[in-house]
Amino acid sequence: MHRPMSPADSRSAFWTDLVRSQGTADAVVFGRVLIFGSLATLICIVEILTENTIAIDVTPYEILGAALSLILVLRTNAGYDRWWEARKLWGGITNQCRDLVLTALRYGPADEGWRDGLVRWTAAFGHACRCSLRGQRDCPELASLLGAERAAPLVAARHMPTYVSSMIAQSLAEAFGQGRISGFAFQQ
């Protein structure tokens, strides 16, 4: 069972997330900053030691800077639009899974094993989508939700979300075929 996060845990998680570099471009960016910073330092040292002024016309860099700023704004907006679209789609997945479980529990059979299985497979759908989109095959949440025996064929499936959907559909079809779900509930 998930316990609510205390304020102390929340602060700790914030600072941990703030300094985490896993999954970021920090290594690439830091390397490039180090190279260009070293080059700028070298130029400053040469200018100081030779007492010569190194002058370069600024106009091309001003024009390039303006163009670069426009490109960065467009890229930032495109990135935000993609994030917002993904957030809406993820919210839709969450809402549809919740609605499926509520409808199945309301109109489905009273068999606890069937209910537990349907809830677990529905919860596994979100994890399967996440892992599939990230190209991950190792998803420990699936094993903890479904058990190692039921998670093994899921992880081996070509498309994990489709496999989970077929297991949910199979569970509903079996209950309908056995007369444990009405036609109305099956349509829902």
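Owing to the predicted nature of the structure, the values given are computational and were not obtained by experimental measurement.
Taking both residues in full, the closest heavy atoms of Ala110 and Arg115 are given as CA-NE, 3.6 Å, listed atom of the first, atom of the second, then distance. Across all their heavy atoms, Leu118 and Ala104 have their closest contact at CD2-CB, 2.9 Å. Among all heavy-atom pairs drawn from Pro109 and Ile181, the shortest one is CD-CG1, 3.6 Å. Annotation for Val164 and Ala128: closest pair CG2-CB, 3.9 Å, computed over non-hydrogen atoms.
Contact annotation: the side chain of Ser171 never approaches that of Trp121 to less than 4.5 Å [non-hydrogen atoms, C-beta and beyond]. Residues Met160 and Cys129 are not in side-chain contact: their nearest non-hydrogen atoms beyond the backbone lie 4.5 Å or more apart. Between Phe125 and Ile93, some side-chain heavy-atom pair lies under the 4.5 Å cut-off. The shortest side-chain heavy-atom distance between Ile35 and Phe30 does not fall under the 4.5 Å cut-off. Leu105 places a side-chain heavy atom less than 4.5 Å from the side chain of Val119. Taking the side chain as every heavy atom from C-beta outward, Ser132 and Arg134 never approach each other to under 4.5 Å. No side-chain heavy atom of Trp84 sits under 4.5 Å from any side-chain heavy atom of Leu89.
Under a cut-off of 6.0 angstrom, the local environment of CZ in Arg137 is crowded, with over 12 non-hydrogen atoms contributed by other residues, nucleotides or ligands.
The residue from Leu64, Leu70, Leu72 that alone fulfils the side-chain contact (heavy atoms from CB on, under 4.5 Å) condition with Leu68 is Leu72.
The distance from the CZ atom of Arg98 to the OG1 atom of Thr103 is 10.0 Å, given to the nearest 0.5 Å. Interatomic distance, OH of Tyr163 versus CD of Gln170, reported as 8.0 Å (0.5 Å rounding). We find the CD1-OG1 distance between Ile45 and Thr50 to be 11.5 Å, quoted to the nearest 0.5 Å. Separation of atoms CG (Leu146) and CD (Glu141) is listed at 11.0 Å; rounding is to 0.5 Å. Note that NZ of Lys88 and CG of Asn95 are 13.5 Å apart. Values are rounded to the nearest 0.5 Å. Thr76 contributes atom OG1, which lies 11.0 Å from atom CG of Asp81 (distance to the nearest 0.5 angstrom).
Listed by first and then second residue, the salt bridge (charged side-chain N to carboxylate O under 4.0 Å, His left out) pairs that reach into residues 166-187 are Asp111-Arg180, sequence neighbours excluded.
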Apply side-chain contact (heavy atoms from CB on, under 4.5 Å) to the pair Thr41 and Val46, showing each step before the final yes or no.
CA-CA 9 Å; Thr41 303; Val46 167; over 6 Å; no
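Between the side chain of Asp116 and the backbone N or O of Glu112 there is no donor-acceptor pair closer than 3.5 Å.
In this structure, Val101 is not a member of the same hydrophobic cluster as Trp114, with clusters built from ILVMFWY side-chain heavy atoms closer than 4.5 Å.
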